[in-house]
Amino acid sequence: MNDAYVDKVLIVEGKSDKNKVMSIIKEPLDIICTNGTISHSKLDEWIDLLEDKDIYILVDADESGEKLRKLFKREFPNAEHLYIDRMYREVATAPVQHLATVLLGANIDVHKEFLEMGL
């Protein structure tokens, strides 16, 4: 995470998800990866680190993503869950225009050229 204070945190599954989202967003936002799973000790660390931040969850529309989402709903009940269309299955393979629309819907500022792109 960044040294400068950022009040929004996006949790994604993998590095390719993080890289794709980083290219789309326009505002300061910490993006952290679960790498598909998360240990209890890491989760406890995140709970302490993220307690005063706006948390957004963006995971794949598959079984492992749903397991993570269920865990985060329990541990971060105030987090906002962002959903990609199930037809794309993975954040990393979803079209940038679709991701930009999902992020904008959560009041996350995105580069407008991604909204103007066709599917």
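Note that the structure is a prediction, hence the values are computed from the model and not measured.
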Sorted by chain and number, sequence neighbours left out, side chain to side chain contact (heavy atoms under 4.5 Å, CB included) with R86 holds for A61, E66
Note: K53 and D30 closest approach over all heavy atoms is NZ-OD2, 4.2 Å
Side chain to side chain contact (heavy atoms under 4.5 Å, CB included) partners of I57, counting only residues at least two apart: I11, I55, V59, R69, F72, A79, H81
With a 4.5 Å cut-off on side-chain heavy-atom distances among I, L, V, M, F, W and Y, is there a chain of contacts connecting Y83 to F114? no
Would you name the heavy atoms of S23 and H111 that are closest together and state the gap between them? O-CD2, 3.6 Å
For the residue pair D62 and E13, what are the closest heavy atoms and their distance? OD1-OE2, 4.4 Å
May I ask you to decide if Y88's main-chain N or O and T93's side chain share a donor-acceptor pair within less than 3.5 Å? yes
Between W46 and I32, is a side-chain contact (heavy atoms from CB on, under 4.5 Å) present by the stated rule, with each step listed? CA-CA 10 Å; W46 286 3; I32 53 180; 3.9 Å; yes
Could you pull out the closest heavy-atom pair between E75 and L43, with the gap in Å? CG-CD2, 3.5 Å
Does the side chain of F76 come within less than 4.5 Å of L50's, by heavy atoms? yes
For S39, all residues meeting side chain to side chain contact (heavy atoms under 4.5 Å, CB included), sequence neighbours excluded: S41, K42
If the condition is salt bridge (charged side-chain N to carboxylate O under 4.0 Å, His left out), which residues does E51 pass it with, not counting sequence neighbours? none
Reported SG-to-CG distance for the pair C33 and L10, which is rounded to 0.5 angstrom: 9.0 Å
Heavy-atom closest pair, residues H98 and D85: NE2-N, 2.9 Å
How many angstroms lie between atom CG of D60 and atom OG of S64, to the nearest 0.5 angstrom? 6.0 Å
By side chain to side chain contact (heavy atoms under 4.5 Å, CB included), S16 pairs with (sequence neighbours left out) A92
Would a hydrophobic clustering, with Ile, Leu, Val, Met, Phe, Trp and Tyr connected at side-chain separations under 4.5 Å, put L49 with V9? yes
Stepwise side-chain contact (heavy atoms from CB on, under 4.5 Å) test for V96 and K20: CA-CA 8 Å; V96 291; K20 189 157 194 176; 3.6 Å; yes
Same cluster (ILVMFWY, side-chain, under 4.5 Å), L82 and M22: yes
The reported gap from CD1 in I108 to CG in L58 (rounded to nearest 0.5 angstrom) is 8.5 Å
Of all residues at least two apart in sequence or in a different chain, which pass the side chain to side chain donor-acceptor pair (under 3.5 Å) check with E80? none
Apply side-chain contact (heavy atoms from CB on, under 4.5 Å) to residues L71 and I38 and explain how you reach the verdict. CA-CA 10 Å; L71 172 69; I38 185 166; 3.4 Å; yes
Please say yes or no: joined through hydrophobic side-chain contacts below 4.5 Å, possibly via intermediate residues, are L68 and I47 part of one cluster? yes
Between V102, L103, V110, which is the residue that forms a side-chain contact (heavy atoms from CB on, under 4.5 Å) with V21? L103
Residues, nucleotides or ligands: over 12 heavy atoms within 6.0 Å of K15 NZ: no
What's the spacing between K26 NZ and E113 CD if we round to 0.5 Å? 8.0 Å
Partner of I31 under side-chain contact (heavy atoms from CB on, under 4.5 Å), picked from D17, V6, I25, is I25
Start with the C-alpha distance between L99 and I84, add both sets of side-chain angles, then the distance that settles side-chain contact (heavy atoms from CB on, under 4.5 Å), and finish with yes or no. CA-CA 7 Å; L99 286 175; I84 59 167; 3.6 Å; yes
